[in-house]
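The analysis underlying the following values was restricted to heavy atoms, covering all of them including side chains, and did not include hydrogens, waters or symmetry mates. Every chain is numbered from 1, with letters handed out A, B, ... down the list of sequences. It should be emphasised that the depicted structure is a prediction, and the values quoted were computed from it without experimental measurement.
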Amino acid sequence: MIKITLPDNSVREYESGVTGMDIAKSISHNLAKEVLSVSVNGETWDLTRPIKEDVSIKLYTWDDDEGKHAFWHSSSHLMAEALQELYPGVKFGIGPAIESGFYYDIDLGEDRVLTEADLSKIEAKMLELARAKSTYAREDISKEKALNFFNAKNEVYKTELISELTDGTITLYKHGNFTDLCKGPHLPGTEYIKSVKVTSLAGAYWRGDEKRKQLTRVYGISFPKQKLLEEYLMVLEEAKKRDHRKLGKELELFMFSSKVGMGLPIWLPKGAKLRERLENFLKKVQMKYGYEQVISPHIGQKELYVTSGHFEKYGKDSFQPITTPQEGEEFLLKPMNCPHHCEIYKFKPRSYRDLPIRLAEFGTVYRYEQSGELHGLTRVRGFTQDDAHIFCRPDQLKEEFIKVIDIVLYIFKTLSFKDYVAQISLRDPNNTTKYIGSDENWEKSERAIIEAAAEKGLKTTQVIGEAAFYGPKLDFMVKDAIGRKWQLGTIQVDYNLPERFNLEYIGSDDKPHRPVMIHRAPFGSMERFVAVLIEHTSGKFPLWLTPEQCVILPISEKFNDYAKKVLNFLNNYDIRSLIDERNEKIGRKIRDNELKRIPYLLIVGEKEAENNTIAVRKQGEGDKGVMTLQEFATFLTEEVRKETELLTNTEEP
RNA sequence: GCCGAUGUAGCUCAGUUGGUCAGAGCAGCUGAUUUGUAAUCAGCUGGUCGGGGGUUCGAAUCCCUCUAUCGGCUCCA
């Protein structure tokens, strides 16, 4: 007998060789029906794999990521089997479960391509194979045997993977007519998969290397119930309605013009006002934190970026230098503000007493992004960073870094961004050609970030190889409507540029010293931040930010004059409002302005004109009753004050 | 940049296999109506069907190419 410890710390005894499924059955019939995989001492196992010693287990269902993972991973094997049946000779790459669903990378050979018409065929075949109720069987074999097995099938991608594995034994999973190199875990059988959607096709380089062959990636998602698939598709539909590209157009916030150029956003009046308000908000916060605004030009001598290292790193993949006609001087559109700010630092000798110097600029930068990369406002070729560079003494670094974290968290809080990931991006020590600077500087920088984040109690994930070429970063990642992750706020420690630009300050010892730099942008870029803000709010911006706070709706043209009076009254309170003077019925005006996501609709007719009142309607909530002009102005001003309370009453940094 | 898809009026979309196929709704304009809480009615305007080539007696429809957009890959200072 062996002892099995359950998550509630209760211990049950079973025969050696008991499986996760046996245990589930012994607990409850329903659990046995729902369980998908099992954690055995922290490792996820198949439900059918025998347990032979005392362990702690946890049973995973569809409600657990681990359960879904096993489900989707098994689905990808099922899809592979379907592909093998439909397209004989297809070679398989990898086929993992992903955050929502799964994919399989396949090589169909030279003259075959999949098109979207094939997707439903694949679905149908998958469901057919699922109903065959094949079991997923695990098998450990020697590396040599595994190589022979896949060589015989000419599975070149699999043999490449196996030959790189260092484990003595290789694990295979087999179900139906399909056998795959795989660590598992898997569902007990294909019959668990009741509902399948093959969602899309894409090209994907083998092993993510653009120099290698591009395989066809088939994406899919599957569910244990048809209803769950329908719900998933509904959620996707809803998410599409929040897409900032759609809302940006509808709400007239920004546009693109292929005549101006792809990836070059154009801010329309309403979007520009919104952005301006965000900028002013941040300026106010930064002022409290001792930042000084500067303004630098949009281009800089090529030499400046040779000094900074940007030219060597990105020169080939940037907009190419612009040259002067007479002298042939070369200028680059600035891809970063830091070199300019380094020059500002060098404007005059700095004393240790002057530090930290915090130079802030809403700096517009231009970067050549590959055409396939462009995406609405989140990935563009020209954008404005809410940039600042802090030049400080080494002994001030941690304190300064923490203050920047405070600013980022404060902004996220003010704008209700709750769902973010703080990611520490470190360099890949095995790929030093990607980075500039000494190991010592890198170690110091990385330590500073890790310590500062820990000191703030920030929950972070660490990702190797994601650092900027000059230093490590603390990035704040936020998801968009359809779950894509974008980097917004970023804080970077940099010992390298001060060296390259030979920045100095005179210490208390009357000797020159090297300052440390912090690059930081709490929004990241105005474009990307506004994009994510649109998707998070689905265009219903907070009152203090929204382009138009209220719209006055006269019942008929007879009350237009009174409407103008209301408008003037509100204008005196800096309340942003407009009148819908169209010759339409009130129901129509309400509908149209609700759709424009204007927070307050103020209806004025005979009664209101007589009594100097307005009938107030809140966006999405309906009639709020009648108020006097004064009452409403006071109410709205108070609402805005509450929203921005944080802005004006921050604790002194 | 690579793979796949898409591109019809300002917007959302119809247009079977190439032959009155250039359409609808909304928006816009004009007029009527003067309206009380999510679409008043009528009339009108608007498109070399993304651009350019080609096949054909004939192309929105088929082919090539360019361009932009969408979903991914790679990249992201």
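In the set B:C76, B:U40, B:G36, the nucleotide with an atom closest to the side chain of A:Glu608 is B:G36.
In this structure, A:Gly605 reaches the bases: a heavy-atom distance under 4.0 Å links it to at least one base atom across the strands shown. Contact annotation for A:Val113: backbone-only contact, meaning every heavy-atom pair under 4.0 Å involves sugar-phosphate atoms and none involves a base. Within 4.0 Å of A:Gln370, counting heavy atoms only, lies at least one base atom of the nucleic acid. Residue A:Ile555 is in base contact, counting any heavy-atom pair closer than 4.0 Å across all strands shown. Heavy atoms of A:Thr216 sit nowhere under 4.0 angstrom from any nucleic acid atom.
Residues from residues 616-625 of chain A that place a heavy atom under 4.0 Å from any atom of RNA chain B, listed by number: A:Arg617, A:Asp623.
Annotation: side-chain hydrogen bond (donor to acceptor under 3.5 Å, both in side chains) contacts involving residues 549-558 of chain A, sequence neighbours excluded, are absent.
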Atom pairs under 3.5 Å, N or O on each side, protein against nucleotides 9-16 of chain B: can you list them with distances?
none

Distance-only donor-acceptor pairs under 3.5 Å for side chains of residues 601-613 of chain A, two or more places apart:
unit_1   : atom_1 : unit_2   : atom_2 : d
A:Glu608 : OE1    : A:Gly605 : N      : 2.8
A:Asn611 : ND2    : A:Lys607 : O      : 3.0
A:Asn612 : OD1    : A:Lys565 : NZ     : 2.9

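More than 12 heavy atoms of other residues, nucleotides or ligands lie within 6.0 Å of NZ in A:Lys213, so this atom counts as buried by the packing criterion.
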**Asked** In B/S/- notation, 5' to 3', how is nucleotides 62-72 of chain B contacted by protein heavy atoms closer than 4.0 Å?
**Response** ------SSSBB

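For A:Ile322, the side-chain contact (heavy atoms from CB on, under 4.5 Å) partners two or more places apart in sequence, or in a different chain, are A:Ile299, A:Phe331.
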